[in-house]
**Q** 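Below you will find the structure I want to go over with you.
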Protein chains: 2
Amino acid sequence: MSKEITPRQQDYSQWYNDLVLKGGLADYSAVRGCMVIKPYGFTLWENMRDALDKMFKDTGHVNAYFPLFIPKSFLSKEAAHVEGFAKECAVVTHYRLKNDPDGKGVVVDPEAKLEEELIVRPTSETIIWNTYKDWIQSYRDLPILVNQWANVVRWEMRTRLFLRTAEFLWQEGHTAHATQEEAEIEAKKMLDVYAEFVEEFMAVPVIKGVKTESERFAGAVDTYCIEALMQDGKALQAGTSHFLGQNFAKAFDVQFLTKENKQEYVWATSWGVSTRLVGALVMAHSDDEGLVLPPRIAPLQVVIVPIYKGEEQKALIDAKADEILADLKTIGIRAKYDGNDNNRPGWKFAEYELKGVPVRVTLGARDLANNQIEIARRDTKTKELIHADGISQYIDGLLLDIQNNMFKKAKTYRDEHITQADSWDEFVQLLDDKGGFILAHWDGTAETENEIKEKTKATIRCIPIDDMGLEEGVCVLSGKPSKRRVLFARAY
Amino acid sequence: MSKEITPRQQDYSQWYNDLVLKGGLADYSAVRGCMVIKPYGFTLWENMRDALDKMFKDTGHVNAYFPLFIPKSFLSKEAAHVEGFAKECAVVTHYRLKNDPDGKGVVVDPEAKLEEELIVRPTSETIIWNTYKDWIQSYRDLPILVNQWANVVRWEMRTRLFLRTAEFLWQEGHTAHATQEEAEIEAKKMLDVYAEFVEEFMAVPVIKGVKTESERFAGAVDTYCIEALMQDGKALQAGTSHFLGQNFAKAFDVQFLTKENKQEYVWATSWGVSTRLVGALVMAHSDDEGLVLPPRIAPLQVVIVPIYKGEEQKALIDAKADEILADLKTIGIRAKYDGNDNNRPGWKFAEYELKGVPVRVTLGARDLANNQIEIARRDTKTKELIHADGISQYIDGLLLDIQNNMFKKAKTYRDEHITQADSWDEFVQLLDDKGGFILAHWDGTAETENEIKEKTKATIRCIPIDDMGLEEGVCVLSGKPSKRRVLFARAY
């Protein structure tokens, strides 16, 4: 496979696929819409998962595990929920194969038909609330603050690596509360956790908001979201947190005895982020040479590449590399020495650039003689010669600097791509010419929202939670009054 | 739900279920054969998983993720493999539901039938080797040392919490090598990793061995295993590591260019342990009062319970508890203070005993006045008064002592239950009267193995790898010559 990356300007979509495939993050699989997450991509996901998991635990949550399968009848118990998920789910109908009487293969055994079909979970609200019914009797059993790391399946017709796959990995938090207020606070708290994670670990700036009714999660009262901007000017929903009201408690009859000795339905939230975030990460930072990964979650933070002639130089450089490697590992930096003789330095430079390793250390014989080391950073593509003493401390500071710089750069781009539009013509032109987020007035009706979507493919990404766009005006399409601007964009 | 545990002697099977359910490890679910792993049980699994994951990484392995679904035709490509798994797999046949025209629910949409059915993975050799075909061209691409943490489904007819469930969590290592020797070394190395983990973290002694042909993994050339003994004298297979030869490489046509420029089939191993280990842990150590968990993997290692009268005493004890808790956390001990006023000390004692918390610290006003603290250990049910100064260091040492003592106790029991039988009568009587492992001669034929199984329900657990039973003799059933004794037992 050629390692060449299609330039962004030439074909953005192919550029993205090249990065994912050639950068070693994932592969297509033999199963329609399902991908293989390769070791490099999975290590990246592990780093993201571990950071998130710690944040969940620090905010009082515990992990549990619920069945992969959901009885078909469970889906129907919440009306909006079944409407949202029934059309794209994998259905298990049989539990056995048998030898094909006519050939060498195997066929489904018609005698092993399930009495009730099972759905491969597209999300777990139903099976979890059916379980919570047994766990919750009184207010003493509340709150329940449970998270699950799991695989889920949604039979999407058009799939893209990481961004939209039939099977994907995610976490889904499912909490149960005694009061509406507590559940609403929880939903917002987890949105804050997501925003903090995406900004501080992934170096991707996000806007927090609430979805319109038509973009809400199927079964939610309110869906909060964080929205990020990709380099092609399209938005990407990076995480959602739902206030579910009492919808699932009512669907599964989960009541509790209050302190005042009354029976009440339990209040709920759910919240999730998925391997989709890997796609967001790739699209937010990478360039035409390859991935650019933020140090805090990069599988490899530093690579050391030797340049030498002959065994004598090699031995000196190997020794120095071992010393630096040991120092870096002592202070918790993920580093590797690539002393493989089969590949030339130039090949290695290109390879680690493609893989987005934040810092490259080049050990050359001549520099070492001067007690100097060349350090190249991936984000700015700059190089400098550094005094060899205290090199690990220098790199430690540099990694932090890269992390901050990547966020700053992404934020500058994002901020430059939040534009106000005050007329329909302006709205359409901005979308086509510049893209990005458009802050515009909307009359609050689903009809207008839908008409805008049909005309331009732009959707309301969110109604910002903070005061962004908080001023009265008139709808760009209908001219009817509007209390505040909302955030439009074309989106992934 | 009553917290009472059925005594082992009365009903061993019910005792086990009581421990799992009342100890808060797992629940039955609405889906046949699938369980819910509750937070306490899941934290235990997380601790086991994290320790194993570190051992895998320390031995050079990386994690990846492959699809949940396997095309039906893949299963048939390896003859023994399909024979082993086709009879118990969940089959996805459709990808959509639609509203039931006759009612309120949803039904399978007959128009959304898959062209080829998908199997929910019972194990991933086939989908992985189909992928490795793309990853491996030359000897430079080898070895591949990949592990996957995943859920798998085997439609077992008779299920038991943790021990045998339709869906379970596990890890499956899948490695690819250039030579037979390297693959065989890998398979044995991972068996050693499993043995080390089960003995040193779970405090359960194991015997390493190799399976007979009829007990081999479907598709393996050799299946290595570790076998543990439960308190009812039945054996439990705690982990397996398979040398797969070139079987899957041939089935999926995975060849590589050797250094000598020849095309050869790749050599393979696979190895796995599952949530079944939680069941083994429960059955190996627990007693009639509840779980007994080894400190290294216990979700909670120390619980502090206050005993007081009035607010003044409470305030003093709270302060002391906070101090101890902080000290324990500083040295990395998982500890909790249960100052909940709603429950009496006696209730708490029983609760944490049931949950198997290794160390209980009781803070009483009178003891504190004497600068003393009561420490109770779960494994021996002994209590002692300890000087309050340096209590955290004392507990640190005690946890190590408990870990070692639990292993020693389990090993003593296990060693007492390895018995030699030299005649058929002796064999049968030992099985019925004492149980445990029986070292007996076997003539090496599948016929005899099968006849013994049918007559006694005992199977050959393994042919030990070391010199256990390494002496010539005659088969207990057939009287034919035998080169060495093998290990029989009734098993889970």
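Reckoned from all heavy atoms, side chains included, excluding hydrogens, waters and symmetry mates. Chain letters run A, B, ... following the sequence lines, proteins first and then strands; every chain starts at 1.
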**Q** If you tally heavy-atom pairs under 4.5 Å against chain A, which of B:N130, B:V108, B:T43 wins?
**A**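 Result: the option with the highest number of such pairs is B:V108.
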**Q** A side-chain contact here means heavy atoms from C-beta on lying under 4.5 Å apart; do B:F69 and A:V120 qualify?
**A** yes
**Q** Let me confirm one number: the CH2-CH2 distance from B:W149 to A:W149, rounded to the nearest 0.5 Å.
**A**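 The CH2 atom of A:W149 is 16.0 Å from CH2 of B:W149, to the nearest 0.5 Å.
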**Q** Between B:R32 and A:E115, is there a side-chain N and carboxylate O pair less than 4.0 Å apart?
**A**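 Salt bridge between B:R32 and A:E115, a charged N being under 4.0 Å from a carboxylate O: no.
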**Q** Heavy-atom distances under 4.5 Å only: say whether A:K113 touches chain B with side chain, backbone, both or neither.
**A** neither
**Q** Should A:W155 and B:L114 count as side-chain neighbours, where that means a heavy-atom distance under 4.5 Å?
**A**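 Heavy-atom side-chain distance check passes, below 4.5 Å.
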**Q** Which heavy atom of B:A64 sits nearest a heavy atom of A:I37, and at what distance?
**A**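 Nearest pair, atom of B:A64 first, then A:I37: CB-O, 3.3 Å.
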**Q** I need the minimum non-hydrogen distance between B:K72 and A:V107, along with the two atoms involved.
**A** NZ-CA, 4.0 Å
**Q** Supply the atom-to-atom distance B:N151 CG to A:N151 CG, rounded to the nearest 0.5 angstrom.
**A**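 Atom-to-atom, B:N151:CG and A:N151:CG are 4.0 Å apart.
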**Q** Answer with side chain, backbone, both or neither: which region of A:S73 has an atom nearer than 4.5 Å to a non-hydrogen atom of chain B?
**A** neither
**Q** Any side-chain heavy-atom pair from A:V36 and B:W135 closer than 4.5 angstrom?
**A**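 Contact flag for A:V36/B:W135 side chains = yes.
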**Q** Quick one: does B:E156's side chain get under 4.5 Å of A:Y95's, heavy atoms only?
**A**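 SC-SC contact between B:E156 and A:Y95 ruled out.
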**Q** Can you list every pair that meets salt bridge (charged side-chain N to carboxylate O under 4.0 Å, His left out) and has a residue in residues 86-101 of chain B, with sequence neighbours left out?
**A**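 Only B:E83-B:K87, B:R96-B:D109 qualify under salt bridge (charged side-chain N to carboxylate O under 4.0 Å, His left out).
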**Q** Quick check for you: among A:A112, A:C89, A:A90, which has the greatest number of heavy-atom pairs under 4.5 Å with chain B?
**A** A:C89
**Q** So for A:E46, is it side chain, backbone, both, or neither that comes closer than 4.5 Å to the heavy atoms of chain B?
**A**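 For A:E46, the contact with chain B is made by the side chain alone.
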**Q** Under the side chain to side chain contact (heavy atoms under 4.5 Å, CB included) rule, collect the residues that match up with A:A80, sequence neighbours excluded.
**A**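 In terms of side chain to side chain contact (heavy atoms under 4.5 Å, CB included), with neighbours along the sequence ignored, A:A80 is linked to A:E78.
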**Q** Could you measure the distance from the CG atom of B:D27 to the CZ atom of A:F66? Nearest 0.5 Å is fine.
**A**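 Reported value, rounded in 0.5 Å steps: 9.0 Å.
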**Q** Side-chain contact, heavy-atom cut-off 4.5 Å: B:L68 with A:L68?
**A**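 Answer yes - side chains close enough.
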**Q** So for A:I144, is it side chain, backbone, both, or neither that comes closer than 4.5 Å to the heavy atoms of chain B?
**A** neither
**Q** Against chain B, label A:Y40 side chain, backbone, both or neither, depending on which of its atoms sit under 4.5 Å from a heavy atom there.
**A**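 Neither; nothing under 4.5 Å.
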**Q** Going from OG1 on B:T93 to CD on A:E117, what distance comes out if it is rounded to the nearest 0.5 angstrom?
**A**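 Separation between the atoms: 8.0 Å.
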**Q** With a 4.5 Å heavy-atom cut-off, do A:E167 and B:Y65 have their side chains touching?
**A**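 Yes - at least one pair of side-chain heavy atoms lies under 4.5 Å apart.
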**Q** Rounded to the nearest 0.5 Å, how far apart are SG of A:C34 and CD1 of B:I70?
**A** 11.0 Å
**Q** Between A:V146 and chain B, with a heavy-atom cut-off of 4.5 Å, which part of the residue counts as in contact: side chain, backbone, both or neither?
**A** side chain
**Q** Looking only at the side chains, is there a donor atom on one of A:N63 and B:W45 sitting less than 3.5 Å from an acceptor on the other?
**A**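 There is no such pair between these side chains.
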**Q** To the closest 0.5 Å, what do you measure between CG (B:D50) and CG (A:D50)?
**A** 8.0 Å
